[in-house]
Structure formats: structure tokens, C-alpha cells
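Before any comments, here is the structure.
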Amino acid sequence: MSGLPLFPEQASTMASRVDALYFFLIAISTFFGLLIATLVVVFAVRYRRRSPDERPAAILGSVALELTWSLIPLGIVLILFLWSAEIFFSMIRVPPGAMDVYVVGKRWMWKAQHMTGQREINELHVPVGVPVKITLASEDVIHSFFIPAFRVKRDAIPGRYQTMWFEATKPGRYHLFCAEYCGTKHSEMGGWIV
């Protein structure tokens with residue numbers, strides 16, 4: 001199965017944190033999905049009507065049961081909220097001393113300019129172990145600057161500057177995509193982070 005990876009490799013400081021949250025969401029969803037499906041089948045068999053004249057006894061309710069099925073999901077949702085908020089704020093706050101790069105999305109290319117004057121089209125060369133601050137803009141329509149291996153994505157919106165940052169953890173050549181449909185050649189609007 002090495003020829004068909006399910007996830008891109010983790011190549012930034014944020015990638016493992018985003019993946020951990022994602023796998024937790026998958027685990028919780030799988031657990032509750034299986035639990036509910038199993039209980040539906042068990043209860044359908046156990047409490048089925050055995051004759052047309054059978055009438056079930058009245059149920060008065062259970063405060064303990066209602067508190068349990070209310071408080072457990074509340075606790076899980078609070079954990080997810082706090083965990084995802086912590087990751088979000090870490091992704092949005094650019095560390096001091098980050099290398100500045102300006103990127104402009106234009107049908108159908110990414111134009112990057114480093115503070116040293118170097119310019120690149122559909123490619124961006126960055127050092128490993130150094131935070132890189134990307135200032136995004138768009139010349140025409142909404143584009144979305146997406147680097148799957150780094151688990152970062154930010155929209156480039158006309159008339160507005162957006163910022164994002166990442167820190168590469170290993171050398172390599174990583175795909176860069178536009179993740180927002182931007183016209184007829186949207187699928188060709190890609191590039192590389194080196």
C-alpha cells in the first residue's frame with residue numbers, strides 16, 4: 001500500500017498536531033457510529049412487538065440516563081473546542097523573526113517574492129527550521145493557498161491581505177495547490193514548496 005498513501009507526509013511543525021485532532025475526530029465518530037448502529041439493532045430485536053395486541057408499559061424516564069447522554073457529549077464537544085481553538089491560535093499567531101514572503105494568486109499561477117528581491121512563479125524555496133510568514137493577496141478572484149504536507153491553507157481574497165505561516169521540518173519538494181475553484185484552469189494552478 002506504499003504506492004497509495006492516505007495522507008501526505010508530515011513536513012511542518014503543525015502537521016502532527018492537526019493530524020492528532022483529525023484522528024481523534026475520526027475515532028470519536030467511529031465509536032459513536034458503531035455504538036448507535038449496534039444499539040439500534042439490539043433494541044429493534046429485543047423490544048419488538050411480539051403480537052398485535054401487545055402494549056408496552058409506560059416509561060417514566062430516568063434523570064441519571066438523561067444527564068449521562070447530555071454530559072458525555074458536552075464534555076467531548078468542549079474537549080474538541082478547546083483543542084481545536086489552541087491549534088487555530090497557534091496557526092494564526094506568526095512567531096517573531098519569521099521570514100517574510102509575499103504571494104499573489106493570479107489566474108492560474110502563484111507569484112512569490114522574497115524580501116531579498118528573488119521572485120518565483122509556482123514555486124517557493126524556503127529553509128528548513130525557520131518560520132515563514134506568507135502574506136497573500138489575489139489579483140482577480142478568490143484563490144486558496146494550500147500545502148497538504150504542512151497542513152496549512154489560507155484564502156487569497158481580492159482587495160485584502162491575508163497572512164499565514166509555517167515551519168518546514170524536513171527538506172523535500174511538496175505540492176502546493178489552489179483549493180478554491182477559480183475558473184477553467186483551476187486544476188492547473190499548482191506548484192511546489194522546496
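Counting only heavy atoms from C-beta outward, the side chains of Tyr102 and Tyr161 never approach each other to under 4.5 Å.
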Take His125 and Gln118 through the test side chain to side chain donor-acceptor pair (under 3.5 Å) and record every step on the way to the result.
-> CA-CA 10 Å; His125 290 77; Gln118 177 189 0; 4.8 Å; no
Salt bridge (Lys or Arg N to Asp or Glu O under 4.0 Å) between Arg154 and Glu180, worked out | CA-CA 10 Å; Arg154 189 77 171 170; Glu180 181 75 35; over 6 Å; no
Hey, mind stepping through Lys153 and Ile147 against side-chain contact (heavy atoms from CB on, under 4.5 Å) and telling me if it holds?
-> CA-CA 6 Å; Lys153 180 174 80 136; Ile147 312 165; over 6 Å; no
Given Glu120 and His114, is the side-chain contact (heavy atoms from CB on, under 4.5 Å) satisfied, shown in steps?
-> CA-CA 9 Å; Glu120 302 178 89; His114 297 262; 2.6 Å; yes
side-chain contact (heavy atoms from CB on, under 4.5 Å) between Ile193 and Val126, worked out | CA-CA 7 Å; Ile193 304 291; Val126 297; 4.0 Å; yes
Start with the C-alpha distance between Met164 and Leu136, add both sets of side-chain angles, then the distance that settles side-chain contact (heavy atoms from CB on, under 4.5 Å), and finish with yes or no.
-> CA-CA 8 Å; Met164 64 183 283; Leu136 285 168; 4.0 Å; yes
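Centroid-to-centroid, the aromatic rings of Trp108 and His186 stay 6.0 Å apart or farther. Aromatic pair His175/Phe177: ring centres closer than 6.0 Å.
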Using a 3.5 Å cut-off and no angle test, enumerate the donor-acceptor pairs between side-chain atoms of residues 32-48 and protein atoms at least two apart in sequence or in another chain.
from	atom 1	to	atom 2	distance (Å)
Thr38	OG1	Leu34	O	2.7
Arg48	NH1	Val45	O	2.5

Expected list for residues 86-101: side-chain donor-acceptor pairs under 3.5 angstrom, two or more places apart:
from	atom 1	to	atom 2	distance (Å)
Glu86	OE1	Arg17	NH2	2.9
Glu86	OE2	Arg17	NH2	2.5
Glu86	OE2	Ser90	OG	3.3
Ser90	OG	Arg17	NH2	3.1
Ser90	OG	Glu86	O	3.0

Do any side-chain atoms of residues 59-83 form donor-acceptor pairs under 3.5 angstrom with protein atoms, and if so which ones, sequence neighbours left out?
from	atom 1	to	atom 2	distance (Å)
Ser62	OG	Leu65	N	3.2
Thr68	OG1	Ala64	O	2.7
Ser70	OG	Glu66	O	2.9

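Of the possible polar contacts, none joining the Ser12 side chain to the Phe166 backbone as a donor-acceptor pair under 3.5 Å is found.
The NE2 atom of His143 sits 5.0 Å away from atom SG of Cys182, with the distance rounded to the nearest 0.5 Å. With rounding to the nearest 0.5 angstrom, the OG atom of Ser138 is 12.0 Å from the CZ atom of Arg160. The distance from the CZ atom of Phe145 to the CD1 atom of Ile134 is 5.0 Å, given to the nearest 0.5 Å. In this structure, OG1 in Thr163 is found 6.0 Å from NZ in Lys133, a value given to the nearest 0.5 Å.
Residue pairs satisfying the side-chain hydrogen bond (donor to acceptor under 3.5 Å, both in side chains) criterion with at least one member in residues 19-33, sequence neighbours excluded, are listed as follows: Gln10-Asp19, Asp19-Arg151.
Here the closest non-hydrogen pair linking Ala112 and Val103 is CB-CG2, 4.1 Å. The nearest pair of heavy atoms linking Ala15 to Ala149 is CB-O, 3.8 Å. Closest non-hydrogen pair, Ala137 versus Ala156, comes out as O-CB, 3.6 Å. Here the closest non-hydrogen pair linking Ser84 and Leu21 is CB-CD2, 3.7 Å. Summarising the geometry of Ala179 relative to Phe146, their closest heavy-atom pair is CB-CB, 3.9 Å, with the distance given to 0.1 Å.
Salt-bridge formation is detected for the pair Glu123/Arg173: a Lys NZ or Arg NE/NH1/NH2 atom is positioned less than 4.0 Å from an Asp or Glu carboxylate oxygen. Taking 4.0 Å as the cut-off between side-chain N and carboxylate O, Glu139 and Arg107 do not count as a salt-bridged pair.
The aromatic rings of Phe150 and Tyr174 are tilted relative to each other, their planes meeting at an angle between 30° and 60°.
In the hydrophobic clustering of this structure, Leu124 does not group with Val104; members are Ile, Leu, Val, Met, Phe, Trp, Tyr whose side-chain heavy atoms approach within less than 4.5 Å, directly or through other members. Tracing side-chain contacts under 4.5 Å through hydrophobic residues (I, L, V, M, F, W, Y), one reaches Met14 starting from Val130; they form part of the same cluster.
With Trp165 as reference, Thr13 is the one residue of Thr13, Val132, Thr135 to meet the side chain to side chain contact (heavy atoms under 4.5 Å, CB included) rule.
Considering only residues two or more places apart in sequence or on other chains, Lys170 meets the salt bridge (charged side-chain N to carboxylate O under 4.0 Å, His left out) condition with Glu9. Residues passing the side-chain hydrogen bond (donor to acceptor under 3.5 Å, both in side chains) test with Ser144, sequence neighbours excluded: Asp155.
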